[in-house]
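As the structure is a computational prediction, the values presented were derived from the model and not from experiment. Each chain gets a letter, A, B and so on, in the order its sequence line appears, and its residues count up from 1.
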Amino acid sequence: MKAKIYVTLKEGILDPQGRAVQQSLQTLGFPAVEDVRIGKFLEVDIVETEQAAAEAQVRSMCEKLLANPVIENYRYELTEVSLPK
Amino acid sequence: MKAKIYVTLKEGILDPQGRAVQQSLQTLGFPAVEDVRIGKFLEVDIVETEQAAAEAQVRSMCEKLLANPVIENYRYELTEVSLPK
Amino acid sequence: MKHDNKPSTTESLSKALIHQHGLSDEEYQAILAHLGREPNLTELGVFSVMWSEHCSYKSSRIHLKRFPTEGPRVVQGPGENAGAVDIGDGLAAVFKMESHNHPSFIEPFQGAATGVGGILRDIFTMGARPIALLDSLRFGELDHAKNRHLLQGVVSGISFYGNCIGVPTVGGEITFNDIYSKNPLVNVFCLGIVEKDRLLKGLAQGEGNLVLYIGAKTGRDGIHGATMASDSFDDASEKKRPNVQVGDPFLEKLLLEACLEFLEQDLLIGIQDMGAAGLTSSSCEMAARSGTGIELDVALVPRRESGMTPYEILLSESQERMLLVAKPGKQDAVLAICHKWGIDAAVVGKVTNDGLLRIKDGTQTVAEIPAKALAEEGPRYDRPAAPPSYQDSLQSLNLDMLPDVKNPDEVLIALLGSPTIASKAWVFRQYDYMVGTNTVVCPGSDAAVVRLKGTQKSLAITTDGNSRYCLLNPHMGGSLAVAEAARNLVCSGAEPIGVTDCLNFGNPERPDIMWQFVMAVEGIADACRALNIPVVSGNVSFYNETNGLSIYPTPILGMVGLIDAPEHITTQWFKQAGDHILLLGQTNEDLGGSEYLKVIHAREQGIIPWLDLEVEQRLHRCLLELIRQGWIQSAHDCSEGGLLVTLAECCITSPLAPLGAQITIPPHRIRLDGVLFGESPSRAVISVKPEHLDAVREAIVQAGVPLTDLGRVTSSSFDVTIQQAAPVSPICFSLPGSHLADIWKHSLAKQLDGDE
Amino acid sequence: MNIGIVVFPGSNCDRDCAYVASDVIGQSAQFIWHQETSLGEMDAIILPGGFSYGDYLRTGAIAHLSPIMDAVKAFAKQGGLVLGICNGFQILLESGLLPGAMLRNRGLSFRCEEVYVRVENAETPFTNQCHPGQVLKIPIAHAEGNYYTDPVTLSSLQANAQVIFRYCDADGQSTGPSNPNGSLDHIAGIRNAAGNVLGMMPHPERCAERALNNTDGFLVFQSMVASLKTQARLTAR
Ligand SMILES: Nc1ncnc2c1ncn2[C@@H]1O[C@H](COP(=O)(O)OP(=O)(O)O)[C@@H](O)[C@H]1O
Ligand SMILES: [Mg+2]
């Protein structure tokens, strides 16, 4: 299985990187850009064919390591892929 | 419009972060994790209602600033949102 | 001998393929002679990188022989991963400088980062713990967005790598000139410390000893990076964006600690990093140095991509990898340390006695080449050299055409704010320059000083080079760079003990470029010989040219000096109001090639200052004597911007609050701008407590060094009175020290961040 | 007294802390590898600065899952002194020993420079040699020191005098420009509710010797020694 995991800053938390990117986009000639938020996009390959088992693992990874609940939210999608072996 | 932009490392480019996270997940008790690749996930709000115009802008932003064409690929999705004003 | 398993050479290689590999017809003939047969594709690739300019030094080698490389302190001269000099207490200082110009133009962040990674490996493969990095940078002017972008990328790349691995970046230099817009220069210097008798070398001795690969897995990164560095750019290469390497400082930190543990436990015969031309260069160089051979099985090499061919595995330039030869029976201990640090490691081959680099892929032999043919017997060229036709016009400048200075205060302000002179804090505050807690003089003085814990000693380090001088007169320019580096060390209280160089030039196939190179090397060699400073390592970067336009000849020196006692560490800024200010050395009308001419008159022309090496040496002896007597409070060498800028810097560069000065410039016989902004070498400004003034004066006179009293240190404003030959009345101005400090401090940040 | 310094892969101020502990304040310093599961007989623990696991993913994120961290948590729970410096502070946050999280510096880039901090609480095991409101000059070196926490936690930190250091200028005023990274409420260092765990972004080990031209950081280590001595006297009684 392949998990696509999106980790984003919680609403209301200032995103210094996003703000800087927004400002540079504006000076670069994109005045229409109102807001930029920057998060992480992780692709995780898991040798696991069962949807439920894979899902449990992904959730647990996110909680233990991949996202920091003080500042971040996460969501994920699982897709089946045929891994060799 | 809201653009969701995914910036990922090109195939074959080393991903030191992904490697460290994968190893740590393995020792944390997720032996099934075979590979981790870490990219960026950007949400960009644009004051622009026309799909085509927004798309052109997003592509240009990605090429100029958001992705580093030497080592990264990007893709995006555009969704309509009702911005206040 | 087994003849059954020779590398196959089925199809003949086409001429086009040979040329694509950057090999000339004559070079190909030489390959045939070395092999006694046609090479196969893998072998062609191996020859191509090893015989590239970058790896073989084919255009430079015969000239580099001019450098003095010996001296009582030299423990290791050129020829190893880095040079080493004895610093007493059983210790050696190991250092080298390397360029990463081409990769940094293509991908500034990763290019600069991997440059730092590479030079660090050169140091710790010698068994030394790296304790300081310095970076020497050249960029186009900051009014172009592209140049700002390159600078920002390069600085954050150096910061990313150096900070993460925990080696302080304690200094460096950066200057700006549009000639570097399409060929920025990124040279990185690294210094390490090792117990003298534990110095490791890149050796592969002892038939049957095992060869181990450790570090990152091999990918398809930077294949033919070495040949790229030996090629000029054109606009198309910006689009080509060839295979960029990505650095992993975290992995390198683990490698560093693991390597130092190997040393601790005495497990190795030899070790070498896989830099340019990766597995190929490390293996054949180790074998060639030792007069042995190496047999490698590429099937055993840890890989991160599937389907890699032997050609790709051999030529990959993936970062953070090392090749080592273990002492008999010690391979398991090596593997255990690697395991502890979480580093990939594998036995990939063994040392042989047949002098061959033999590459196998499982049971099949895919390449077999005499190691010496690759590493030592490559082509050598004595390329034609002749001064460019425009050399005379560069030097001719009629100063009488230019008005003398009317408002020196305005010029001073313009110079202090010009990016080449302004504070470089925008750059170095992105670097962790304190980690290790040895940096006793942080960036901002003439040289950085790092202490050696457990001893009374410290080392002063500087990098220097003035490419405009080298353009106008490469021979003198080379000598001036050495003199300036040494003067910077001496002003910090150190005796210069060794130097490394990084020679950045254009296309060596052009006679004018070759002439610049040969002249600069001679100039450096002359000065090093006169000042008794051995060259122990170095690096050459040619082909710094885009669309036929070459950079200015840019040799950079990285010099190391020894300070025996902590009391002798001296910084450039004034310490206390009331102290006397003295100028040592003679001021001539040295405006040619000066920063003043460029900033104020937009000229990069003229006759550059004449350096008298004996005078220079006299100044050094005198300064060191004054410092060792404990007589002086500060010493600052006079260089870019001339006397007035130097004096202002003495007031405003202190990490504490700025001080002022009351300066009187005595009447003069030369142009006023020459007095104030000329760049005569062999000068320094010192400050002295009143109680030592007489002793200092006497010592200077005794030493035969010209002396001028300039005034006193004050608490706040920078007051200057310039006396004129009677009856002209003196020129006076007064500027608040804080105003000068603001201009100097914020100029770079203003241009780069648009704020502050 | 025994000071244990935890070494994670990528720690790079471990040796600097050990040098101060042994050569400057004359105590015994020991390195503890992150794979260990016990601390041994330690009187205080330092989580040093650096780039544990390269700071990959998030600063301190991977390190906080190292085997040794359970022992560090247990030690802290029993009241043992734990000092986290820079990356060590980030690890303490990730592990929950201290509340909050670090964001990227406001200016985005790494900053290495001397800054001023004001001692907000001089009655802690880490600051008892300072006087309240004392301004210390201590270097920082980080890219992610922009402290963040939710408003409820912030007010409880304030109410319980858990904010130990705030960025300020040389005169002790906290202003925008005196805050190098944009941290909430100018926070440079906080302690836990029990008072025995301190996290701080500035590096006291970089300014604890005259040779380095600044000795303000010495006060932090000296405070720890004083506090442990008092503790030892009390238990002996
Ligand atoms: N300009 C130079 N001056 C002195 N020694 C040099 C110079 N250029 C190269 N060398 C020496 O030649 C050897 C090979 O060069 P090096 O740069 O180490 O190759 P690599 O890039 O593979 O490390 C080194 O020992 C180096 O010190
Ligand atoms: Mg080398």
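Closest approach of Val154(C) to Ser104(C), counting heavy atoms only: CG2-CB, 4.1 Å. Smallest separation of non-hydrogen atoms from Phe31(D) and Ala18(D): CZ-CB, 3.6 Å. In terms of heavy-atom proximity, Leu254(C) sits nearest to Pro9(D) at CD2-CB, 3.6 Å. Among all heavy-atom pairs drawn from Val117(D) and Pro202(D), the shortest one is CG1-CG, 4.0 Å.
Of the atoms belonging to Pro566(C), not a single heavy atom falls under 4.5 Å from chain D. In this structure, chain D has a heavy atom under 4.5 Å from the backbone of Ile165(C), while its side chain stays farther away.
For Pro130(C), the side chain to side chain contact (heavy atoms under 4.5 Å, CB included) partners are Leu120(C), Ile123(C), Phe124(C), Val167(C), Cys190(C), Leu256(C), not counting sequence neighbours.
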Mind listing the donor-acceptor pairs under 3.5 Å that bridge chain C and chain D?
from      : atom 1 : to        : atom 2 : distance (Å)
Asn163(C) : O      : Asn12(D)  : ND2    : 3.2
Cys164(C) : O      : Asn12(D)  : ND2    : 3.2
Asp248(C) : OD1    : Tyr56(D)  : OH     : 2.6
Lys253(C) : NZ     : Ser11(D)  : O      : 3.4
Arg429(C) : O      : Cys112(D) : N      : 2.7
Asp432(C) : OD1    : Arg206(D) : NH1    : 2.9
Asp432(C) : OD2    : Arg206(D) : NH1    : 3.4
Asp432(C) : OD2    : Arg206(D) : NH2    : 2.9
Tyr433(C) : OH     : Cys112(D) : O      : 3.4
Gly436(C) : N      : Asp16(D)  : OD2    : 2.7
Val440(C) : O      : Asn213(D) : ND2    : 3.2
Arg451(C) : NH1    : Glu209(D) : OE1    : 2.8
Arg451(C) : NH2    : Glu209(D) : OE1    : 3.3
Arg451(C) : NH2    : Glu209(D) : OE2    : 2.8

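Using a 4.5 Å cut-off on side-chain heavy atoms (C-beta onward), Val6(D) and Ile46(D) make no contact.
Put simply, of Pro655(C), Cys442(C), Pro249(C), Gly436(C), the one with the most heavy-atom pairs under 4.5 Å next to chain D is Gly436(C).
Under the 6.0 Å cut-off for aromatic ring centres, Phe250(C) and Phe51(D) do not qualify, their centroids lying 6.0 Å or more apart.
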